[in-house]
Amino acid sequence: PCIDAGDPNYPPDPDSTRSDMGAFYYESGGAVSGPISGGWTAENSPYLIGNNAYIPAGDTLRMLPGTVVEFTGSYTLNVCGTLLIEGEADDSVSIYGVIWPSLSQLYFSSTQTQSHLQYGYFNDFGINMGPMPTIIHRCQLNHCPINAAISSGNVLTESTLDNDAHRMELITGGSDWTMIGNYLDNDYSAFYEPAVTMGICSASGTFIANTIHCSASSSGGEWCYAIAKGFLNCEGTFAHNYVSVYAIGGFYSSDQDAAFDECSGTCRHNCISAHDYGIYNFSGELFNNTIRNASYGIKNYNGTVRNSIFYNCSTYGIDGTCVVRYSSAFDCGSPYSSSVTVGPGNIYEDPLLVNTWYLDPNSPCIDAGDPDPFYNDPDGTRDDMGAKYFDQGAAFATITLNPYGAPIQIPANGGSFDFNIEIQNNGVNQVTGNVWCNVVLPNGTLSGPLLGPTNLTLPGGFIGDRDRTQTVPA
């Protein structure tokens, strides 16, 4: 009896019928447009967007697990209020757009509240970030380019962005990004036209532990070019990423691919595979990267390269007016061009890489990096060359840190977060040693220890853990 029984003077429900009583309205099955809010559920799905729609400022649209939303045309959902997508690991929220005559659009234009998207599946959408940060966690975005040109502070974690049918940049623009643990795959093949794929363009922030693959190919025309870039014109901290790029076009075309192109900041502990350039025109710090299969490992760099591995770079490991120290160049056309100043500690032996990026126990790169303790490996030993250190304590003890409540956001005025620390002796023999915890700051420097050092004696097979709270200052 509560259906269509609300105050007739109040705005209608999102299905354009008279207001229902209660927090959740009953979806009567028609396509919605105009102002929408309230709660959408799996039981009333699918919800059809039949024209442009918006969430009014001050209102919230909550999509619960299993909700399905379908756009019937190239319409726009404008989030002037708050959008909460609350899917679950085994029951996501699914939103389907269209690509013709243009992509459906999702605009975050709120100036007051953040939107949170978790366990959502998006297909054929243009996503436009706005003035307020948006948090995207464990979502699947298929053919969904993100434009954040006017946005700052967005968070993207453990999500997948995939494109295999369009010429596009996966993420464009935005400052103060936090991107951690994402998988970006942009693979485009063209016929009688240029092919261009980009991963992340013109963005700044912190980019950690992401996997980015971009490939572009053009066939059918000898002059059709192909371009593939992982990071283009980006700034910030780039650490522990896997970046692979490949571009090939017509016989007479001018193709180019680069894992990092025109970027700046700190680039460390990255695994890079390219056809043309691993790192091109970089400004900032470069250390502990592994670059393989490129024509040029590093091109046009004026700083100091440390603790890196260049493997099978067909022209040069490095070409630029820079200094190289404590690095390995093997199976390259030439290790370094004549403009490179070769400092101490460089080697030219086979690094003995296993599983593409990792060091064999007999690798000459182990304990051969810069002896400055700043670069020491997490196992406390002298730095190893390359992106992946050889853990000399792995046969005995391991330490695992697991945060609670990810993704974690700390306000500008400071805050705290909870985490669990577990230590395990994987061997049968007793292990004695010191345990401590440092933090890597946004600028790439180490600070700490925050915990310890504590001397522990661990019996064989020991497993122990503790919950701790870490305060983060303003």
Side-chain angles (χ1 to χ4, degrees), residues 85 87 89 92-93 95 106 108 114-123 125-129 133-149 151-164 166 168-188 197-215 228-245 259-261 263 265-273 289 357 387-388 402-403 405-409 440 442 444:
I85 292 181
S92 64
V93 171
I95 305 179
L106 181 60
F108 293 93
Q114 295 182 349
S115 290
H116 295 246
L117 286 58
Q118 178 169 299
Y119 289 110
Y121 175 83
F122 298 83
N123 192 73
F125 261 95
I127 298 178
N128 303 273
M129 302 300 200
T134 297
I135 299 173
I136 303 176
H137 180 60
R138 293 189 175 178
C139 288
Q140 168 81 38
L141 289 81
N142 189 38
H143 307 153
C144 294
I146 296 176
N147 188 327
S151 190
S152 179
N154 296 297
V155 177
L156 180 67
T157 55
E158 299 179 38
S159 295
T160 298
L161 284 73
D162 177 72
N163 170 60
D164 60 4
H166 308 286
M168 66 171 59
E169 300 84 21
L170 292 179
I171 299 175
T172 303
S175 61
D176 196 26
W177 268 102
T178 298
M179 298 189 197
I180 300 175
N182 302 291
Y183 180 80
L184 281 66
D185 187 8
N186 199 355
D187 185 0
Y188 181 58
T197 62
M198 307 285 182
I200 303 173
C201 306
S202 303
S204 67
T206 301
F207 310 91
I208 297 177
N210 301 288
T211 298
I212 302 174
H213 170 72
C214 293
S215 66
K229 303 292 176 69
F231 289 93
L232 173 64
N233 193 31
C234 292
E235 178 183 1
T237 297
F238 311 91
H240 302 286
N241 299 291
Y242 291 84
V243 186
S244 64
V245 291
F260 293 85
D261 189 354
C263 295
T266 298
C267 183
R268 62 178 183 83
H269 296 95
N270 297 290
C271 299
I272 298 169
S273 176
N289 297 293
W357 306 110
K388 298 294 184 182
N402 289 309
I408 296 170
Q409 275 201 311
V440 179

### Message
Measuring only between side-chain heavy atoms, which start at C-beta, is F122 closer than 4.5 Å to I85?
### Response
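With C-beta onward as the side chain, the pair touches.
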
Counterpart residues, side-chain hydrogen bond (donor to acceptor under 3.5 Å, both in side chains), relative to [X] (two or more places apart):
X	result
N142	N123
E158	R138
N128	Q105
S273	none

If you compare all heavy atoms of [X] against all heavy atoms of [Y], which two are closest, and at what distance to 0.1 Å?
X	Y	value
G153	P133	O-CB, 3.3 Å
Y119	A89	CE2-CA, 3.4 Å
N233	C263	N-SG, 3.9 Å
N289	C267	ND2-O, 3.0 Å
C234	I200	SG-O, 3.3 Å
M198	C201	CB-SG, 3.3 Å

### Query
What's the verdict on side chain to side chain contact (heavy atoms under 4.5 Å, CB included) for I171 and M129, showing C-alpha distance, side-chain angles and the deciding distance?
CA-CA 11 Å; I171 299 175; M129 302 300 200; over 6 Å; no

### Task
Walk me through it: do S152 and S175 pass the test side-chain hydrogen bond (donor to acceptor under 3.5 Å, both in side chains)?
CA-CA 5 Å; S152 179; S175 61; 3.1 Å; yes

### Task
For L170, check side chain to side chain contact (heavy atoms under 4.5 Å, CB included) against everything at least two apart and list the hits.
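So L170 forms a side chain to side chain contact (heavy atoms under 4.5 Å, CB included) with L161, N163, M168, L184, N186.
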
### Message
So, using side chain to side chain contact (heavy atoms under 4.5 Å, CB included) as the criterion, who are the partners of A387 when residues are at least two apart?
### Response
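If we apply the side chain to side chain contact (heavy atoms under 4.5 Å, CB included) test to A387, skipping adjacent residues, the hits are C271, T290.
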
Contacts of [X] that satisfy ring pair (Phe, Tyr, Trp, His ring centres under 6.0 Å) - sequence neighbours left out:
X	answer
H137	none
H116	none
F108	none
Y121	Y96

### Message
Listing request: all salt bridge (charged side-chain N to carboxylate O under 4.0 Å, His left out) pairs with a residue in residues 228-239, at least two apart in sequence or in separate chains.
### Response
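Sorted result for residues 228-239: K229-D261.
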
### Message
Before you tell me yes or no, could you show the steps for I135 and Q118 under side chain to side chain contact (heavy atoms under 4.5 Å, CB included), namely the whole-Å CA-CA distance, both residues' side-chain angles and the distance that decides it to 0.1 Å?
### Response
CA-CA 8 Å; I135 299 173; Q118 178 169 299; over 6 Å; no

#### Entry: Spatial distance of atom CH2 (W357) from atom NE2 (H269) [nearest 0.5 Å]
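Reported value, rounded in 0.5 Å steps: 14.5 Å.
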
### Query
How many angstroms lie between atom CG of L117 and atom CG of L141, to the nearest 0.5 angstrom?
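Spacing of CG (L117) from CG (L141) equals 8.5 Å.
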
Donor-acceptor contact present, side-chain [X] to main-chain [Y], <3.5 Å:
X	Y	value
S151	A149	no
N154	W177	no
N270	F238	yes

### Message
Set out, in order, the CA-CA distance, both residues' side-chain angles and the distance that settles side chain to side chain contact (heavy atoms under 4.5 Å, CB included) for H240 and R268, then state yes or no.
### Response
CA-CA 7 Å; H240 302 286; R268 62 178 183 83; 3.5 Å; yes

Enumerate donor-acceptor pairs with a distance under 3.5 Å from any side-chain N or O in residues 203-214 to protein atoms, sequence neighbours excluded.
from: S204; atom 1: OG; to: D176; atom 2: N; distance (Å): 3.4
from: N210; atom 1: OD1; to: G181; atom 2: N; distance (Å): 3.4
from: N210; atom 1: OD1; to: N182; atom 2: N; distance (Å): 3.0
from: N210; atom 1: OD1; to: N182; atom 2: ND2; distance (Å): 3.0
from: N210; atom 1: ND2; to: M179; atom 2: O; distance (Å): 3.1
from: N210; atom 1: ND2; to: I208; atom 2: O; distance (Å): 3.3
from: N210; atom 1: ND2; to: N241; atom 2: OD1; distance (Å): 3.2
from: H213; atom 1: ND1; to: S244; atom 2: OG; distance (Å): 2.9

